[in-house]
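Proteins get letters first, then strands, A, B, ... in listed order; numbering begins at 1 in each.
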Protein chains: 2
Amino acid sequence: MDNTIHLNHLRTELKKFVSFSDAEWEIFKQYLEFRHYEKKEFFAVPDKVCDHMGFILRGAMRYFHVREGIEITGYFSFENELVSAYKSFLTRRPNTNYIQAIEKTTLILISKKNFELMENNPAIAFKIEQFGRRIAEYYICCYEDRVASFIIQSPEERYLDMQKNAGEIFLRIPQHYVANFLGITPVSLSRIRKRTLKVHA
Amino acid sequence: MDNTIHLNHLRTELKKFVSFSDAEWEIFKQYLEFRHYEKKEFFAVPDKVCDHMGFILRGAMRYFHVREGIEITGYFSFENELVSAYKSFLTRRPNTNYIQAIEKTTLILISKKNFELMENNPAIAFKIEQFGRRIAEYYICCYEDRVASFIIQSPEERYLDMQKNAGEIFLRIPQHYVANFLGITPVSLSRIRKRTLKVHA
DNA sequence: TTAAAACGTTAACAAAAGATAAGGTTTTGA
DNA sequence: TCAAAACCTTATCTTTTGTTAACGTTTTAA
């Protein structure tokens, strides 16, 4: 099977982090693997080290914790985004949550081992450091906003913001997952929806 | 004034991110500046680009938003920690919150300009990429935990965790700042304290 | 195709948090 | 030193959220 199209797509998408030269890309792409996940299949589970980072070609992933037997969804990733239990990936320590495909999903994977091989390969080491840095910096910016939303906004405001800025999510994600993401229960989100609906009607 | 002791201290503390060789350190330290902040002086303000990253030699900093005229505290940094309006620093776009000294504070600063000069200096560029990467990765791990606490825990649980893991903070920081940090109002924190006190008494 | 599971809403009640204001203590700064 | 400001607690009332359970609809999987 020829994955050239997908690899070129990846190269384009990664430009928001870093631009690979042709020579660097030839090396880089040798360290990649493709993997398909069926719906509900796990990318990461608690108590195991997450040793891959993935780029989502197609599909969607859900991050969730289990607390007293109940799943609590913390995050989602979609097409053209990265997916990883980042802290576990970086520290090589056991992960604490689940990451699960919520649709049929295709990933391009880089293993921690391959990452380190590239870090030690002088032909590409510098670019890989840049790559790792830009990814981390990108997610820091996202996290800064997310934490601010918990500090500054009420659940209702977070919901309205999300509806405005990421409305497509509601078309793909069950609402009770979204509720957890906003830091509230599904019942509470249902009430917020009823409340805010009347304002616009 | 001789700052050798402080620079050596910085070099030691930065080892948790990256180790500079003697030659690299000689270059690196030339790009640093010392700056003193009086209590209540600002390190960063809204609508201006934050163009420095600081290392706290002594003192403490508070991050806060202003919303409808009210200050809402989002974070603190103390001795041997870094301080920056990171998103603004990275993206060169206007900052959205205040960062203020809450005690007499001494920082060692790196400007964005000097950071970029080092990134373009072959003698130290690689080490600087590593440095920037490790800092970002370190903060990602902190953020992952912080967001999880908002998703998984109740305000009361966040308070008890904080008391257990960062109890010293309560000795230096007014309680109503801590309340915001936990995502609640000062009145609510006061009630939580009263509630949880009885459990231990 | 069909039974089971998943999902969203609603209701009722309890628990917690927000808003506002008042009071007493401590800290600050002129 | 002394008045003003900052701070924490408490009280009251309102609003919101959590919890549990029920119901009807939709989706899933055998």
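Side-chain proximity of A:Lys194 to C:dT9, C:dC7, C:dT10: nearest is C:dT10.
With sequence neighbours excluded, no residue satisfies ring-ring contact (aromatic ring centres under 6.0 Å, His included) with B:Tyr37. By the side chain to side chain donor-acceptor pair (under 3.5 Å) test, B:Arg133 pairs with A:Glu119, A:Glu129, B:Glu137, sequence neighbours left out. In terms of the ring-ring contact (aromatic ring centres under 6.0 Å, His included) criterion, residue partners of B:Phe150 (sequence neighbours excluded) are, by chain and number, A:Phe150. Partners of A:Glu38 according to the side chain to side chain donor-acceptor pair (under 3.5 Å) rule, which considers only residues two or more places apart in sequence or in another chain, are A:His36. Annotation: ring-ring contact (aromatic ring centres under 6.0 Å, His included) contacts of A:Phe78 (sequence neighbours excluded): none. Under the ring-ring contact (aromatic ring centres under 6.0 Å, His included) criterion, B:Phe28 pairs with B:Phe20, B:Trp25, B:Phe131, sequence neighbours left out. In terms of the side chain to side chain donor-acceptor pair (under 3.5 Å) criterion, B:Asn180 has no residue partners (sequence neighbours excluded). When the side chain to side chain donor-acceptor pair (under 3.5 Å) test is applied to A:Arg93, no partner is found at least two apart in sequence or on another chain.
A donor-acceptor pair under 3.5 Å is formed between the side chain of A:Arg172 and the backbone N or O of A:Gly59. Looking only at distances, a side-chain donor or acceptor of B:Asn114 sits under 3.5 Å from a matching main-chain atom of B:Tyr31.
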Dump the pairs, protein N or O against N or O of nucleotides 26-29 of chain C, anything under 3.5 Å, distances to one decimal.
{"residue": "C:dT28", "atom": "OP1", "partner": "B:Lys39", "partner atom": "NZ", "Å": "3.3"}

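Of the residues in residues 184-191 of chain A, those placing a heavy atom less than 4.0 Å from an atom of DNA chain D are A:Ile184, A:Thr185, A:Val187, A:Ser188, A:Arg191, in numerical order.
Here the side chains of B:Ile192 and B:Ile184 are in contact, with some heavy-atom distance below 4.5 Å.
Between B:Ser154 and A:Gln175, the residue anchored nearer the 5' end of DNA chain C, judged by the nucleotide with its closest heavy atom, is A:Gln175.
Across the protein-nucleic acid pair, A:Ile173 atom CD1 and C:dG8 atom P stand 11 Å apart, rounded to whole Å. When the P atom of C:dT10 is taken as reference, atom CD1 of A:Ile192 falls 14 Å away, rounded to whole Å. Here C:dG18 presents its P atom at 15 Å from NE2 of B:His176, a figure rounded to the nearest Å. In this structure, B:Glu68 places its CD atom 15 Å from C1' of C:dT20, rounding to the nearest Å. Atom CG in A:Leu171 sits about 16 Å away from atom C1' in C:dC7, given to the nearest Å. Spacing between atom CD of A:Glu156 and atom P of C:dA17 amounts to 18 Å, rounded to whole angstrom units. Between the OH atom of A:Tyr177 and the C1' atom of C:dA6 there is a distance of 9 Å, rounded to whole Å.
In this model, the phosphate group of C:dA17 is approached by a side-chain N or O of B:Arg195 to a distance below 4.0 Å at OP1 or OP2.
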Quick one: do A:Lys29 and A:Glu26 satisfy salt bridge (charged side-chain N to carboxylate O under 4.0 Å, His left out)? Show the steps, please. CA-CA 6 Å; A:Lys29 74 182 188 188; A:Glu26 286 306 309; 3.4 Å; yes

Q.
Run the side-chain contact (heavy atoms from CB on, under 4.5 Å) test on A:Phe34 and A:Asn3 for me, step by step, so that the C-alpha distance in whole Å, both residues' side-chain angles and the decisive distance to 0.1 Å come before the verdict.
A. CA-CA 9 Å; A:Phe34 285 74; A:Asn3 282 316; 3.4 Å; yes

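Counting heavy-atom neighbours within 6.0 Å of B:Lys48 NZ, excluding the residue itself, gives a total of 12 or less.
Rounded to 10°, the helix from C:dT1-D:dA30 to C:dA30-D:dT1 has 60° between the axis fitted to its first five pairs and the one fitted to its last five.
Protein chain B touches strand DNA chain D; the 5'-most and 3'-most nucleotides with an atom under 4.0 angstrom of its non-hydrogen atoms are D:dC7 to D:dT12.
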